[in-house]
Amino acid sequence: MLRSIKGLKDILPKQTPQWRYMETLAHTLAAQSGFSEIRIPIFESTELYARSIGGETDIVEKEMYTFPDRDGSSLTLRPEGTAGVVRAVLEHHLLESPSTRKLYYLGPMFRHERPQAGRYRQFHQFGVEAFGIEDPFMDVEVIALLWRFFCSLGLKDLTLHINSIGNPQDREHYIQELKRFISPKLGGICGNCQRRFSTNPLRILDCKVPICQEATQDAPTLFDHLSPESASHFQRILEGLNGIDIPFSLNYRLVRGLDYYSRTTFEITSPHLGAQSTIGAGGRYDGLVALLQGPSTPAIGFAVGLERVALLLPEQIASPQTPLFFVAGFGKEAKPLAFKLLNELRELGIQADTDYKSVNLKSLLRSADKLGAGYAIILGDDEARSETAIIRNMTTKSQESVKLKEISQKIQSLAS
RNA sequence: GUGGGUGUAGCUCAGUUGGUUAGAGCGCCGGAUUGUGGAUCCGGAGGUCGCGGGUUCGAAACCCGUCACUCACCCCA
């Protein structure tokens, strides 16, 4: 049997109502907060991602779907949304107008990772980006939007983790300090962390191996090495969150995996998921626009992993529906008339269906029942001869005979 | 990339220390008075037991390999 590609998932009819629910809410809440939708391509030049995400990161080193175009240039399926948005913003001069400085997107991303609960090779993100504002209230606004999105979906037991990783200079100083601290303990930490010591020392802080956690227990914190500007910026964000009653957990060990992050970083986790418990995360990336040869522009954003959110949603999403009219036409004479009626109902905007597989009244009504029809329109040869049809209410079982000429009008009044 | 777990009907799963026609529930189709659904009862269809090899008189079961799925490491949304 032909199967889908590893790590790619079909979203089946049973699940699509959940997805529509999430997507609708994303559009609504983003628009409420003044974000405009942007739709960017699904692949870009490899260089864009390599430069913005960082050449040393796992994403760029081993997770990108990279392929040559016909002319030999290297293209990559987008592994995240921010880089493409920044590229588009610069290409179309969107920073010039206040109305296009706050953007959001929704769509699939691609990373070649080993699939796992809540981790797929094609996954969907809802993300926002706000450009040009350094004010801490902007950080709070973005976090508040993320928080509101999850609360509106009814998600429970969430934790907002927040930290400031400072500006690049702060981090440089801190990394030196951290290395000095860990250096004498190097023999006593896990092999992974020994490797990280030279590649990405910050990551040692959030290693889950007990011996590493113990070794870094009294390590200096990045928080204590923030420049006065970064520290006060961060302080004002925390005050802002308190001011609007968003609970948070300070997590001095929260590091982000992409190179472009600076200062504020945050993530929201759920205890009901497996190892991949982060459902939304983001932070500032004040240096990225300039890195991509734009004007020096502060920016902040987040991304939500929609598959992970879907895992937390109840299976049944109640969607208010208009009643379904099931047209049960059978018999040589009646069937064409029934089809005509079916089509007419649809033209009128009424939800109507039938089942061509069922040939007698019994099986037609069974189908009507299985489809959850509110009414069945019974039209057999007897009715055809008298130019009538029977409207049967499937819940009350009451039914009445109606002239074909008047039936669509009658149905219209029942449908509303 | 590394490790663990699991592969039997459309779905969820039984299947005894290896033993002859591989089962159940749900779902699907049909019947129970000719043109009236759901409940009940009865019947039916549907399976190369993931695939390949081996052990054996005999393998769904044991062994080896392989593939797929899955969870975890890693990483991240």
Contacts under 3.5 Å, N or O only, protein and nucleotides 1-9 of chain B:
| unit_1 | atom_1 | unit_2 | atom_2 | d |
| --- | --- | --- | --- | --- |
| B/rU2 | O4 | A/R114 | NH1 | 2.4 |

For this session: Identify all stems in which RNA chain B takes part, counting only runs of at least 3 consecutive pairs (Watson-Crick or G-U wobble, each distance under 3.5 Å), and give each as one range with another, ordered by first number.
Result: B:1-7 with B:67-73, B:10-13 with B:23-26, B:28-32 with B:40-44, B:50-54 with B:62-66

Report which part of the nucleic acid [X] touches: base, sugar-phosphate, or nothing (heavy-atom distance under 4.0 Å, all strands).
| X | result |
| --- | --- |
| A/A368 | nothing |
| A/M109 | nothing |
| A/K9 | sugar-phosphate |
| A/G274 | sugar-phosphate |
| A/L364 | nothing |
| A/E383 | base |
| A/Y120 | base |
| A/L306 | nothing |
| A/F330 | base |
| A/D382 | base |

Rounded [atom1] spacing from [N] to [M] in Å:
| N | M | atom1 | value |
| --- | --- | --- | --- |
| B/rA9 | B/rC28 | C1' | 12 Å |
| B/rG7 | B/rG50 | C1' | 6 Å |
| B/rG15 | B/rG47 | P | 23 Å |
| B/rG46 | B/rC11 | C1' | 13 Å |
| B/rG53 | B/rC71 | P | 32 Å |
| B/rU21 | B/rA60 | P | 10 Å |
| B/rU33 | B/rC49 | P | 42 Å |
| B/rG27 | B/rG65 | P | 42 Å |

Choosing from [options], which nucleotide comes nearest the side chain of [X]?
| X | options | answer |
| --- | --- | --- |
| A/D58 | B/rA72, B/rC74, B/rG37 | B/rC74 |
| A/Q276 | B/rU36, B/rG30, B/rC75 | B/rC75 |
| A/R3 | B/rC28, B/rC71, B/rA68 | B/rA68 |
| A/R392 | B/rG37, B/rA72, B/rA77 | B/rG37 |

Test your reading of the model: is there a side-chain donor-acceptor pair from [X] to the backbone of [Y], 3.5 Å cut-off?
| X | Y | value |
| --- | --- | --- |
| A/S277 | A/L273 | no |
| A/R392 | A/Q399 | no |
| A/E400 | A/I391 | no |
| A/T46 | A/L75 | yes |
| A/D381 | A/E333 | yes |

Taking N and O atoms by type only, does the side chain of [X] place a donor or acceptor under 3.5 Å from a partner on the base of [N]?
| X | N | result |
| --- | --- | --- |
| A/K397 | B/rG38 | yes |
| A/Q116 | B/rC74 | yes |
| A/Q399 | B/rU36 | yes |
| A/R366 | B/rG38 | no |

For [X] and [N], what is the distance between atoms [atom1] and [atom2] respectively, to the nearest whole Å?
| X | N | atom1 | atom2 | value |
| --- | --- | --- | --- | --- |
| A/D369 | B/rA39 | CG | C1' | 11 Å |
| A/L273 | B/rA77 | CG | C1' | 11 Å |
| A/L365 | B/rG37 | CG | P | 7 Å |
| A/I204 | B/rC74 | CD1 | P | 13 Å |
| A/L311 | B/rU70 | CG | P | 12 Å |
| A/K332 | B/rG35 | NZ | P | 15 Å |
| A/R121 | B/rC74 | CZ | P | 18 Å |
| A/N393 | B/rG38 | CG | P | 17 Å |

Seminar exercise, completed: Which of A/L160, A/L25, A/I268 passes side chain to side chain contact (heavy atoms under 4.5 Å, CB included) with A/F150? Answer is A/I268

Exercise. Name the one of A/E129, A/E141, A/E37 that satisfies salt bridge (charged side-chain N to carboxylate O under 4.0 Å, His left out) with A/K102?
Worked result: A/E141

May I ask you to evaluate whether [X] reaches the phosphate of [N], defined as a side-chain N or O under 4.0 Å from OP1 or OP2?
| X | N | value |
| --- | --- | --- |
| A/K357 | B/rC28 | no |
| A/K362 | B/rG37 | yes |
| A/K6 | B/rC69 | yes |

For this session: Inspect the contact between A/E406 and A/K410 and indicate whether a charged nitrogen and a carboxylate oxygen are less than 4.0 angstrom apart.
Result: no

Problem set entry | Straight-line distance of A/I165 CD1 to A/H225 NE2, nearest 0.5 Å | 15.5 Å

For this session: With rounding to the nearest 0.5 Å, note down the distance linking CZ in A/R308 to OG1 in A/T269.
Result: 11.0 Å

Seminar exercise, completed: The answer to which of A/A373 and A/A303 contacts RNA chain B further toward the 5' end, by nearest nucleotide, is A/A373

Seminar exercise, completed: Closest to the 5' end of RNA chain B, once A/L361 and A/A117 are matched to their nearest nucleotides, is A/L361

For this session: Could you walk me through whether A/E307 and A/K9 pass salt bridge (Lys or Arg N to Asp or Glu O under 4.0 Å), step by step?
Result: CA-CA 10 Å; A/E307 277 78 3; A/K9 286 276 171 290; over 6 Å; no

Problem set entry | Parallel, tilted or perpendicular: ring planes of A/F339 versus A/Y356, cut at 30 and 60 degrees | tilted

Problem set entry | Positive for side chain to side chain donor-acceptor pair (under 3.5 Å) with A/T264, one of A/N163, A/D139, A/D286 | A/D139

